[in-house]
Number of protein chains: 2
Amino acid sequence: MESPRAPATLADVAEQAGVSRQTVSNAINNPDLLRPDTLARVQAAIDALGYSPNHAARQLRTRSSRLVGLRLTPSQEFTANMAMDRFNRSLVEACREVGYHVLLFSGGPAEEGQRPDPLGGYDDLLRSTAVDAFVVTDTYLGNPQTSGLARRRAPFVAFGRPWDDPGARHPWVDVDGAAGVRLATEHVHGLGHRRIAWLGWEPGSWIGEDRRAGWHAAMDDLGLMTAGLEAAVADDVLEGGRAAAALLDVEEHRAPTAFVCASDTLAVGARGALADRGLVPGRDVAVVGFDDSQVAQVLGLTSVRQPLEAVAVAIVRALTDLLSGEPSPAEGLLLAPSLEVRASSGSSDSERA
Amino acid sequence: MESPRAPATLADVAEQAGVSRQTVSNAINNPDLLRPDTLARVQAAIDALGYSPNHAARQLRTRSSRLVGLRLTPSQEFTANMAMDRFNRSLVEACREVGYHVLLFSGGPAEEGQRPDPLGGYDDLLRSTAVDAFVVTDTYLGNPQTSGLARRRAPFVAFGRPWDDPGARHPWVDVDGAAGVRLATEHVHGLGHRRIAWLGWEPGSWIGEDRRAGWHAAMDDLGLMTAGLEAAVADDVLEGGRAAAALLDVEEHRAPTAFVCASDTLAVGARGALADRGLVPGRDVAVVGFDDSQVAQVLGLTSVRQPLEAVAVAIVRALTDLLSGEPSPAEGLLLAPSLEVRASSGSSDSERA
DNA sequence: TTGAAAGCGCTAACAG
DNA sequence: CTGTTAGCGCTTTCAA
């Protein structure tokens, strides 16, 4: 159990077990090639010496690092940050199960004034063969780096659809935001709400448009009006509050009785606007957020939750397919989110019209 | 700019530049050994071929992976999670600046019923020489793994004091929680508050005791009474709310006018208790949280903020010292947090007694 | 200042 | 089924 200064090598194990180095290598990589008794002897020597194959040597020989690169994006919105943390954990765990590790890197500081290099950090890792593949997550504003990576023939899987490039042929996994918002909309509809407002982001983000589309489609399918029930603002509590206030401050029979929001941040703003008017979320007016962030959990806010554990597993599967040269069965995979129902959308006891 | 299927090697560069392989190696690792014109020629070849040294080969030769291992803990409390995300980002960035990358790993699933192996995941990485060192972060409940790592002579730096082992001789960096709470206490005192309550965790956590001690010492120094102004509960909104309510529901001249809390979660609970009584945080009663989490930022909650960027930088410095064999200048380093003042502790216009 | 030789620890390919 | 040979790409001697 003592730990030697210099870790044991294959040769040490071979000597200890009285076999050749190659046999030890086989014992590890192709155990079925060995006779059971030889295997047992080698195993015993491995255990006795506490041997683990030297990572660098193996990598050099097999040209595989069993490392997946993941770039940490500088820092997104509050809510997205929290989601990324959950995703990272899931990814590490999913990778572990197939014998991979996650290598974190950053794109370096964004140069003053200019946009950060979309490929910053990727290139070096690629050329030094430090990682086998990448997981690309920051596709929320289009995919500047996926095309670059594809051009370099770098193996990668994206978390996020190639919104701006339907012809992209790389594997990806994404969460169906529209379906999530539809879930939220139908949920409050089931509670009796009919004037269901959408509190969304300013146009221009793919994700934002997708989520809004989910609301709009759900409203259509439910035969509900959407006119005058919509706001688009920056992802900010104050802005969200103001927008919600503006929607509320109309004749009472036209005011929304439910808010479905593009983010938990906006939902918090809506909550505030309600409180200012003496309305109680969940009793008087329903509020639903998006991302099931810490705020949602702490404030009892109903929220759409992305299945990030499943996303990570799917990404790792796509990654292993990719690296084993298999023809990827599906180009892209869209996963459905779920709804975490909390007090902010408590069941209503009376129908509303 | 085209990327070749097989990355360029040292030999390719040497041929292109018309020098020996060794000269190219020197150009990269000891540029001052070369004549300027040779260096320039080699540099040009490197750029032309887009060469980066093969990571595995270099690692095999130099016995250094330039990788730092960081174990992702299963999942802590809400608030700590968010902090860890910020720390991870900072660590990745600090590592990048000294040419290191961060390798994420997990301890594996905790076996049903039994506590997770404190050294889970560490051993393999160590013996396979996959990482040069570790950053150990989950020291919040004592340091089960630091002693094990020390015994194995694994280089590591801890984020967190060796609470339970004053004789530990490994380098560490920590945030002075007591000083943070003192800051908070003095802040509300400066606002005119005199009956300042502590809403803390149940005894048993080192960090919790430390934070509480900060409140107690500050109160003593300010000549304020602490009797009947203290509660200890689990880190949970409901529990925090109940405890705050109990503290508030006494004769008015004995009720606290300020709450200093061990976490943002508890602070949210306190806020709720205030709202139930028609009291407005920041106007009637001050509330201060801890960790400057998303909730604090979104709700306008004054909170103690840990200097995680500085922690990461200090850890990386300690790490490089350690790996370069320098005698670590200081065994441990304690960093002071700051206070993010927000609406929940707005300045009071009238003195309170 | 530059070049030649050796070898880090491992596994792929073949021979026995 | 086991052993031998060769070499992945790099850096560390040591010579020129």
Side-chain angles (χ1 to χ4, degrees), chain A residues 4-43 45-46 49-66 99 124-130 132, chain B residues 4-43 45-46 49-67 99 124-132:
Chain A
R5 259 232 175 283
T9 75
L10 203 65
D12 297 332
V13 177
E15 188 179 14
Q16 168 107 6
V19 295
S20 80
R21 285 163 37 199
Q22 183 51 32
T23 302
V24 180
S25 176
N26 283 338
I28 294 164
N29 301 304
N30 305 82
D32 0 294
L33 289 184
L34 298 207
R35 232 176 22 217
D37 61 316
T38 321
L39 181 57
R41 217 166 65 247
V42 174
Q43 239 346 311
I46 288 177
L49 294 172
Y51 169 74
S52 285
N54 180 296
H55 189 79
R58 177 178 268 183
Q59 178 179 351
L60 181 57
R61 193 62 183 123
T62 62
R63 333 201 118 251
S64 153
S65 62
R66 302 202 76 82
D124 274 340
L125 288 172
L126 197 55
R127 294 189 307 201
S128 63
T129 66
D132 291 349
Chain B
R5 258 230 177 282
T9 75
L10 204 64
D12 297 332
V13 177
E15 189 180 14
Q16 167 106 4
V19 296
S20 80
R21 285 163 37 198
Q22 182 48 35
T23 302
V24 180
S25 177
N26 282 337
I28 293 164
N29 301 305
N30 305 82
D32 0 295
L33 288 184
L34 298 205
R35 234 177 17 217
D37 60 318
T38 322
L39 182 57
R41 218 166 63 249
V42 174
Q43 228 5 296
I46 288 176
L49 294 172
Y51 169 74
S52 285
N54 180 296
H55 189 81
R58 176 178 268 184
Q59 177 179 351
L60 182 57
R61 193 61 189 136
T62 62
R63 333 203 118 250
S64 153
S65 61
R66 302 202 76 82
L67 246 39
D124 273 340
L125 289 172
L126 197 55
R127 293 189 308 202
S128 62
T129 67
V131 301
D132 291 349

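A note on names: the letters A, B, ... follow the listed sequences, proteins ahead of strands, and every chain is numbered from 1. Since the model is a prediction, treat every value here as computed from it, not as a measurement.
- Under the side-chain contact (heavy atoms from CB on, under 4.5 Å) criterion, B/D12 pairs with B/A8, B/T9, B/L49, not counting sequence neighbours.
- Between the CZ atom of A/R61 and the CG atom of A/N54 there is a distance of 14.5 Å, given to the nearest 0.5 Å.
- Using a 4.0 Å heavy-atom cutoff across all strands shown, B/R63 reaches sugar-phosphate atoms only and no base atom.
- Residues passing the side chain to side chain donor-acceptor pair (under 3.5 Å) test with B/T38: none are found, sequence neighbours excluded.
- Interface residues of residues 23-39 of chain B facing DNA chain C, ordered by number: B/T23, B/L33, B/L34, B/R35, B/T38; criterion, heavy-atom separation under 4.0 Å.
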Side chain to side chain contact (heavy atoms under 4.5 Å, CB included) between A/I28 and A/I46, worked out: CA-CA 10 Å; A/I28 294 164; A/I46 288 177; 4.1 Å; yes
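- Mapping B/G18 and B/A57 onto DNA chain C by nearest heavy atom places B/G18 closer to the 5' end of the strand.
- Close approach of DNA chain D to chain A, defined as any atom under 4.0 Å from a non-hydrogen atom of the protein, starts and stops at D/dC1 to D/dG9.
- In the helix from C/dT1-D/dA16 to C/dG16-D/dC1, the end axes, each obtained as the rotation axis mapping the C1' atoms of four pairs onto the next four within a five-pair block, lie 30° apart to the nearest 10 degrees.
- Rounded to the nearest 0.5 angstrom, A/Q59 CD and A/R66 CZ are separated by 11.5 Å.
- Atom CZ of A/R41 and atom OG1 of A/T23 lie 9.0 Å apart (nearest 0.5 Å).
- The span of DNA chain C lying next to chain B, judged by atoms under 4.0 Å from heavy atoms, is bounded 5' to 3' by C/dT1 to C/dG9.
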